[in-house]
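To keep things clear, I will list the structure first and then write my remarks on it.
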Amino acid sequence: MNNVLRKNYPELGEVKAPYVHSVKHDSTLYISGLTAFGTAAQHKGMPEQAEEIFSQIRRIISVEGSDFSALIKVTIFITSFEEIDELRKVLYRNYGDHLPASSLVEVSRLFSPDLLIEIEAIFGL
């Protein structure tokens, strides 16, 4: 599998767990689940955390020479549907005209109790 590249992005901080920020296989980029952990948004609401995550995703795909027009699929994990209307606004704003296939899953919690959302994404490059 010489066509697999596993990569961390220093601009997103150090990874302290057994994963990498992304894996590129041929022309597909798989981005690990990202959160607002360690950022100013960590202790804010779901919309603010989502904006931070999209900022991280944007940094990754920029380094990879792409943009949201290449977005294929997102999986979103949330701890509550209470802020779903605000979250949808964030999603529409970030996707623009490039709506992806999507899964939205409510989970009991994420790895830190103040995290409300985690997003993983797949891009075609």
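These values consider heavy atoms only, across backbone and side chains, with no hydrogens, waters or symmetry-generated copies.
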Enumerate donor-acceptor pairs with a distance under 3.5 Å from any side-chain N or O in residues 98-108 to protein atoms, sequence neighbours excluded.
unit_1	atom_1	unit_2	atom_2	d
Ser103	OG	Lys73	NZ	2.9

Mark yes or no for whether Asp67, through its side chain, and Ser69, through its backbone, hold a donor-acceptor pair below 3.5 Å.
-> yes
Work out which heavy atom in Ile57 is nearest to a heavy atom in Ile119; give both atom names and the distance.
-> CD1-CG2, 4.2 Å
Is the backbone of Gln42 close enough, under 3.5 Å, to the side chain of Glu48 for a donor and an acceptor to pair up by distance?
-> no
Any side-chain donor-acceptor pair under 3.5 Å between Ser112 and Asp114?
-> yes
Mutual orientation of the aromatic rings belonging to Phe68 and Phe123 [parallel < 30°, tilted 30-60°, perpendicular > 60°] = perpendicular
Salt-bridge criterion met for Arg59 and Glu52 (N-O under 4.0 Å) = yes
Residues that Arg88 engages under side chain to side chain donor-acceptor pair (under 3.5 Å), provided they are two or more places apart | none
Over all atoms of both residues, closest heavy-atom pair of Leu125 and Glu64 | CD1-CB, 4.3 Å
Measure centre to centre between the rings of Phe37 and Phe111, then say whether the value is under 6.0 Å.
-> yes
Sidechain-backbone polar pair: Gln49 side chain, Leu116 backbone, donor-acceptor under 3.5 Å = yes
Donor-acceptor pair, side chain of His21 and main chain of Tyr9, under 3.5 angstrom | yes
In a check of salt bridge (charged side-chain N to carboxylate O under 4.0 Å, His left out) between Glu51 and each of Arg93, Lys89, Lys44, which one passes?
-> Arg93
Within-4.5 Å side-chain heavy-atom neighbours: Thr79 and Ile117 | no
Below 4.5 Å, heavy atoms only, C-beta onward: do His25 and Asn3 meet side chain to side chain?
-> yes
Check the pair Glu14 / Asn8 against side chain to side chain donor-acceptor pair (under 3.5 Å), numbers first and verdict last.
-> CA-CA 8 Å; Glu14 182 182 353; Asn8 284 317; over 6 Å; no
